[in-house]
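Before any comments, here is the structure.
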4 protein chains.
Amino acid sequence: MTSAPTRDPADAAKRARAEHRSTQLLEAAARLMERDGSHAVSMQAVAAEAGVSVGLIYRYFGGKDDLLLAVIVGVLDSFATQVPAAVEAAGEDPVHRLAAAFRSFCEVIDERRHAAVLTYRETKSLDEAGRARIMELEVQTSEPLRQALRDGVDAGLFDAPDIDLAAYDLLLLAHAWALKHWYFERSQSLDTYVQRQLALILKAILVPGQRKAYAELLAH
Amino acid sequence: MTSAPTRDPADAAKRARAEHRSTQLLEAAARLMERDGSHAVSMQAVAAEAGVSVGLIYRYFGGKDDLLLAVIVGVLDSFATQVPAAVEAAGEDPVHRLAAAFRSFCEVIDERRHAAVLTYRETKSLDEAGRARIMELEVQTSEPLRQALRDGVDAGLFDAPDIDLAAYDLLLLAHAWALKHWYFERSQSLDTYVQRQLALILKAILVPGQRKAYAELLAH
Amino acid sequence: MTSAPTRDPADAAKRARAEHRSTQLLEAAARLMERDGSHAVSMQAVAAEAGVSVGLIYRYFGGKDDLLLAVIVGVLDSFATQVPAAVEAAGEDPVHRLAAAFRSFCEVIDERRHAAVLTYRETKSLDEAGRARIMELEVQTSEPLRQALRDGVDAGLFDAPDIDLAAYDLLLLAHAWALKHWYFERSQSLDTYVQRQLALILKAILVPGQRKAYAELLAH
Amino acid sequence: MTSAPTRDPADAAKRARAEHRSTQLLEAAARLMERDGSHAVSMQAVAAEAGVSVGLIYRYFGGKDDLLLAVIVGVLDSFATQVPAAVEAAGEDPVHRLAAAFRSFCEVIDERRHAAVLTYRETKSLDEAGRARIMELEVQTSEPLRQALRDGVDAGLFDAPDIDLAAYDLLLLAHAWALKHWYFERSQSLDTYVQRQLALILKAILVPGQRKAYAELLAH
DNA sequence: CATGAATGAGCTTTCATTCAT
DNA sequence: CATGAATGAAAGCTCATTCAT
């Protein structure tokens, strides 16, 4: 904003340091907020966790709200980055791509279960603009699922009258692994969870003639 | 201590007034907490909303935590009361009972959309005992769905390898109408939502031979 | 004040009941205040302890300050009543009367150790008038000691240049059994305490020629 | 963590400022608590008296209890520092050392009469650990008296069968100048008080053969 | 007489934010 | 850039006192 993005090496170094600081603060904040909830985390506590002074946080973030927003955005961003890669690795087949997307989603969420819950718990504390940002990001996040569904329908593999609904259902079921982990962990591992949810949804949307071809995904 | 509690009319009147006060406070608290989140609601604000003094709240509830727990329990209780009635009215057929249970769930949630979100947002603020209570209530809440699924499997109508999973999925999709209302309201009404989600799940669990018999539920 | 002290039996009964109530409240208050300190005791707690309603306390006492004053006065009164009786039973000899007075004081205090400490702890909470009342009562309380000392001096048994000082010292040493009980209880029983303190003071005030006559009181 | 704490001049300056703040707060709190009793003093009042904000008190003290404990400990510490110095200045003779110790005690107490009463009034408000700390300090405080008595006994000057008792009696009589000041101030100055109490106790414990040698201390 | 629901001022404590260094 | 001492508004909660019943 203030200076042109020059090739000044000092400038680059400065930016790198700033980036590093920002990450450091964000990680500290995320760690605490996931564990205790944003309201129970003080700026003093974030500073202590990050090993810096309180004042420094205000050089990088506008305030507590801003920090919370950045934490949530960071979480969603990391989700949005990891899933597409897994989809690409799954080949061309839409069914396998859908399966890969869902599995990847669940795995990413499993890795940061508390972070996933954070988005549900804390979004209310944001202002209207922040909430809008989060919603938009969430929709983006579900895009790989939606795309795979669209491809499957186009290829005559899926009979899904409402693609958006099905995509969001899958997103929700992935979130549910975090949201209702206390319930599901009683009876199943992540792997079983993914397999069974996939089987359920595929039975619902695979055109009958394709069931045999994807039998291994429908098995339970 | 002094007399049989059920016979003394003055005692009964007192209990009735206390009950009324309790409800009044609970409703005021629920109203504010649903709107702003429990952390953003002060006891002063609850008192003002209920038209009483702060001190009075502490005659009826142990403190803010206790009040929040009571609000959430109240919400879940009202869910647990309304759904079974709808199921009974749906007749004997497990498929129709399942459909009625899900529809009723969604309707109840639609009526108190913000209250439904409370569970997701605020449970973290409770102590361990409170959280356990909420979880137990939520599982109870899903019992009508689970029962209908069990009956359907026993009657040879459903092919659902994991009944608990399917029941919880339905519970989640009902909750989703509140959780993701900002998304779904773009494209559909409650009625369409219920119909489409039901169609999706039924396609997944109905044994192939029964599809024709329940065509109207699978239509979209 | 308002009605002449008639012989109306209904009036007498009323007074008796009032007296009883007052004692009941005072005892409840004393019990709690001695244990927890007057600031930590609420009127609600006193009411509960006495088994009556809060409102009733205000029929018998002007408020919390008044109640506290009454409690302390009650304690001092009970001290002031019990000691003189013990002195009378000790015969005519001033030395034995002094010994009896001190011993009695210590015994009375031992019975209500916490009550004795109360006067030191809580007098500050009283208003000026209350404090003056307490001080006056305390001086009255020490009168038996002072009188015995005077008699002893008149009889040529004591060489005590400042009778008031000696009397107050004895009073203080009796109080000390309560005030510093945590210290004295390590090394001695009440009986030893009384004996040793008496021996100490008597050695200080007995005229040398009388030492042999009271050897048993000076022994240790 | 970052550097040797004793070498960094900035660190030293910081510590000095912190020390100053701490003293400032302690003095303000002591002033108010001595006057009104700790319960009647609010943290707001302490802050106002010290000319700082409420929040700052909590940087230096854990809370109100901690502050009260610090105030009392401060008082006892100042007693424990001043008395031994006076004893040293009194020479080698145990009788004179005892007299100096008692006199010094009374003088120190006279200077901070209200502070001395604090221990009796407010110790109840402390937790178990705090009370234990105070008791230990009080016993330490009386050590100079006890030592002089021991020395006197060893030198054949005193006939004191229970040294601990005599030492604590002297401590109590010093405290009494504060506790019962309203009584003693009627008839005597601090100097007379000290002289008379000393004469009394010395008559009680000096072996008869030494009375002439210390006649000036026994005079009245 | 007796009750106890109701009040609300006032308490202790926390913490987002600022700013002199 | 970075610090952290200082602020003070606002929170949850208590309890002496009142008064309609």
Side-chain angles (χ1 to χ4, degrees), chain A residues 14 17-18 21 38-48 50-68, chain B residues 2 10-11 13-14 17-18 20-21 39-48 50-67, chain C residues 14 17-18 21 38-48 51-68, chain D residues 2 10 13-14 17-18 20-21 39-48 50-67:
Chain A
K14 190 183 290 184
R17 243 178 312 151
R21 275 283 195 227
S38 71
H39 285 285
V41 174
S42 67
M43 295 299 264
Q44 276 83 351
V46 173
V52 300
S53 67
V54 245
L56 193 64
I57 304 180
Y58 286 84
R59 291 216 153 264
Y60 292 89
F61 298 95
K64 202 185 181 186
D65 292 352
D66 194 38
L67 181 58
L68 172 60
Chain B
T2 51
D11 201 51
K14 190 181 292 180
R17 244 175 309 151
H20 174 253
R21 272 281 192 236
H39 283 287
V41 175
S42 70
M43 296 301 266
Q44 300 284 353
V46 173
V52 299
S53 66
V54 235
L56 194 65
I57 305 179
Y58 289 85
R59 277 192 90 72
Y60 293 89
F61 300 94
K64 204 185 181 187
D65 291 355
D66 194 39
L67 183 57
Chain C
K14 191 184 287 184
R17 244 179 310 151
R21 274 285 194 227
S38 72
H39 284 285
V41 174
S42 67
M43 295 299 264
Q44 277 83 350
V46 173
V52 300
S53 69
V54 245
L56 193 65
I57 305 181
Y58 286 84
R59 291 215 153 264
Y60 292 88
F61 300 94
K64 202 185 180 185
D65 292 352
D66 194 38
L67 182 58
L68 173 59
Chain D
T2 50
K14 191 181 292 180
R17 244 175 309 150
H20 174 252
R21 272 280 192 239
H39 283 287
V41 175
S42 70
M43 295 300 265
Q44 300 284 352
V46 174
V52 300
S53 66
V54 236
L56 194 65
I57 305 180
Y58 288 85
R59 277 191 89 73
Y60 293 88
F61 299 95
K64 204 186 182 185
D65 292 355
D66 194 39
L67 183 57

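In what follows, chains carry the letters A, B, and so on, assigned in the order in which the sequence lines appear, proteins first and then strands, with residues in each chain numbered from 1. Fair warning: this is a prediction, and the values are worked out from it, not measured in the lab.
Whole-Å rounding puts the B/Asp66 CG to F/dT14 P distance at 12 Å. Atom CD1 in C/Ile57 sits roughly 12 Å away from atom C1' in E/dT3 (whole-Å rounding). Residue C/Leu68 contributes atom CG, which lies 14 Å from atom C1' of F/dA16 at whole-angstrom precision. Here the C1' atom of nucleotide F/dA2 and the NZ atom of D/Lys14 are 12 Å apart, to the nearest Å.
In DNA chain F, consecutive stretches of 3 or more Watson-Crick or G-U wobble pairs with both distances under 3.5 Å are given as paired ranges: E:2-21 with F:2-21.
Residues A/Lys64 and A/Met43 approach most closely at CG-SD, 3.7 Å, considering heavy atoms. Nearest heavy atoms, B/Ala47 versus B/Val54: CB-N, 3.7 Å. Shown here for C/Asp66 and C/Gly62, the closest heavy-atom pair between the two residues is OD2-N, 2.8 Å.
Note that CZ of B/Arg17 and NE2 of B/His20 are 11.5 Å apart. Values are rounded to the nearest 0.5 Å.
Take the nearest nucleotide of DNA chain F for D/Tyr60 and for A/Arg59: the residue whose nucleotide is more 5' is A/Arg59. Projected onto DNA chain E by closest heavy-atom contact, B/Val52 and C/Val52 fall at different nucleotides, the more 5' of which corresponds to C/Val52. Between B/His39 and A/Ser53, the residue whose closest nucleotide on DNA chain F is further toward the 5' end is A/Ser53.
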N/O contacts under 3.5 Å, protein versus nucleotides 17-21 of chain E?
residue	atom	partner	partner atom	Å
E/dT17	OP2	A/Tyr58	OH	3.1
E/dT17	OP2	A/Lys64	N	3.1
E/dT17	O4	A/Gln44	NE2	3.4

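Taking only side-chain nitrogens and oxygens, C/Arg21 comes nearer than 4.0 Å to OP1 or OP2 of E/dA2.
Taking the side chain of C/Ser42 as heavy atoms from C-beta on, and the options F/dA2, F/dC15, E/dT7, the nearest nucleotide is F/dC15.
Using a 4.0 Å heavy-atom criterion, one finds that D/Val41 contacts the sugar-phosphate atoms exclusively.
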